[in-house]
Amino acid sequence: NTQAVAYARSARDEVRRNQELRATVVASWHMIALLQRHENQINDKLDQIARLEQAMGDADVYLRGIISDLEQKLADAKKLEMELRAEIKDHQHTIHCLHEDLAAAD
């Protein structure tokens with residue numbers, strides 16, 4: 001009788017341990033699935049970051065090109081301004097000489 005009770009108790013304990021182990025295994029599988037989803041989300045975010053970094057790099061190259069073009073246009077405009085100022089000075093000198101010639105002719 002005592003042996004039977006001890007055996008039954010031992011069997012019950014074994015069943016309880018097996019149930020706890022099963023519950024632990026199921027919880028572990030759920031945790032693994034959750035971690036895999038998080039890993040996928042993290043990888044998606046890393047991919048998005050890489051695409052954004054690429055886009056920022058492309059935009060940087062594009063903007064540097066625009067800046068370079070604008071700097072060249074500014075330099076060209078300054079050169080043209082200097083040429084026009086010299087031409088205006090020449091015209092003013094010519095006009096001044098013509099006025100002097102007209103005044104001398106009178």
Side-chain angles (χ1 to χ4, degrees):
N1 234 0
T2 324
Q3 272 185 327
V5 169
Y7 181 76
R9 214 176 264 145
S10 174
R12 238 188 0 251
D13 289 346
E14 189 65 28
V15 166
R16 191 176 316 116
R17 276 194 295 276
N18 284 340
Q19 287 172 339
E20 288 170 357
L21 280 174
R22 258 189 242 119
T24 301
V25 167
V26 168
S28 296
W29 282 113
H30 286 295
M31 185 60 69
I32 288 169
L34 181 65
L35 289 172
Q36 286 173 334
R37 280 196 304 275
H38 284 299
E39 181 183 13
N40 290 339
Q41 290 171 350
I42 289 169
N43 287 333
D44 289 346
K45 295 294 181 195
L46 290 173
D47 289 344
Q48 288 176 353
I49 290 169
R51 285 193 300 275
L52 284 173
E53 286 174 340
Q54 180 63 47
M56 287 171 53
D58 294 346
D60 184 56
V61 169
Y62 176 73
L63 290 174
R64 286 180 191 275
I66 289 174
I67 289 168
S68 177
D69 289 346
L70 290 174
E71 287 172 340
Q72 183 59 52
K73 288 178 181 178
L74 179 60
D76 293 346
K78 285 181 179 180
K79 181 180 174 191
L80 181 60
E81 178 188 18
M82 290 175 63
E83 291 171 359
L84 289 173
R85 285 184 187 276
E87 203 171 311
I88 288 169
K89 208 172 199 179
D90 287 346
H91 287 307
Q92 286 173 337
H93 179 71
T94 303
I95 291 170
H96 179 74
C97 289
L98 288 173
H99 278 297
E100 286 181 349
D101 290 348
L102 285 175
D106 285 343

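Atoms OG1 and CD, on T94 and E87 in that order, are 10.5 Å from each other to the nearest 0.5 Å. Here the straight-line distance linking atom NE2 of H93 with atom SG of C97 works out to 3.5 Å at 0.5 Å rounding.
The side-chain contact (heavy atoms from CB on, under 4.5 Å) test applied to D69 returns no partner, not counting sequence neighbours. Qualifying salt bridge (Lys or Arg N to Asp or Glu O under 4.0 Å) partners for D101, counting only residues two or more places apart in sequence or in other chains: none. Applying the side-chain hydrogen bond (donor to acceptor under 3.5 Å, both in side chains) criterion to R9, with sequence neighbours excluded, gives no partner residue. Residues meeting the side-chain hydrogen bond (donor to acceptor under 3.5 Å, both in side chains) test with H96, sequence neighbours left out: E100. Scored by the salt bridge (Lys or Arg N to Asp or Glu O under 4.0 Å) test, R12 finds no partners at all (sequence neighbours excluded). Applying the side-chain contact (heavy atoms from CB on, under 4.5 Å) rule to Q3 yields no partners; only residues at least two apart in sequence or on another chain are considered.
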Can you list, pair by pair, the side-chain donor-acceptor contacts under 3.5 Å of residues 13-27, counting residues two or more places apart and other chains?
from, atom 1, to, atom 2, distance (Å)
D13, OD1, R16, NH1, 3.1
E14, OE1, R17, NH2, 2.9
T24, OG1, E20, O, 2.8

Side-chain donor-acceptor contacts of residues 29-56 below 3.5 Å, not counting sequence neighbours, with atom names and distances?
from, atom 1, to, atom 2, distance (Å)
N40, ND2, Q36, O, 3.4
N43, ND2, E39, O, 3.4
Q54, NE2, D58, OD1, 2.8

Identify every side-chain donor-acceptor pair in residues 70-84 under 3.5 Å, counting partners at least two apart or on other chains, and give the distances.
from, atom 1, to, atom 2, distance (Å)
Q72, NE2, D76, OD1, 2.9
E81, OE2, R85, NE, 3.3
E81, OE2, R85, NH2, 3.0

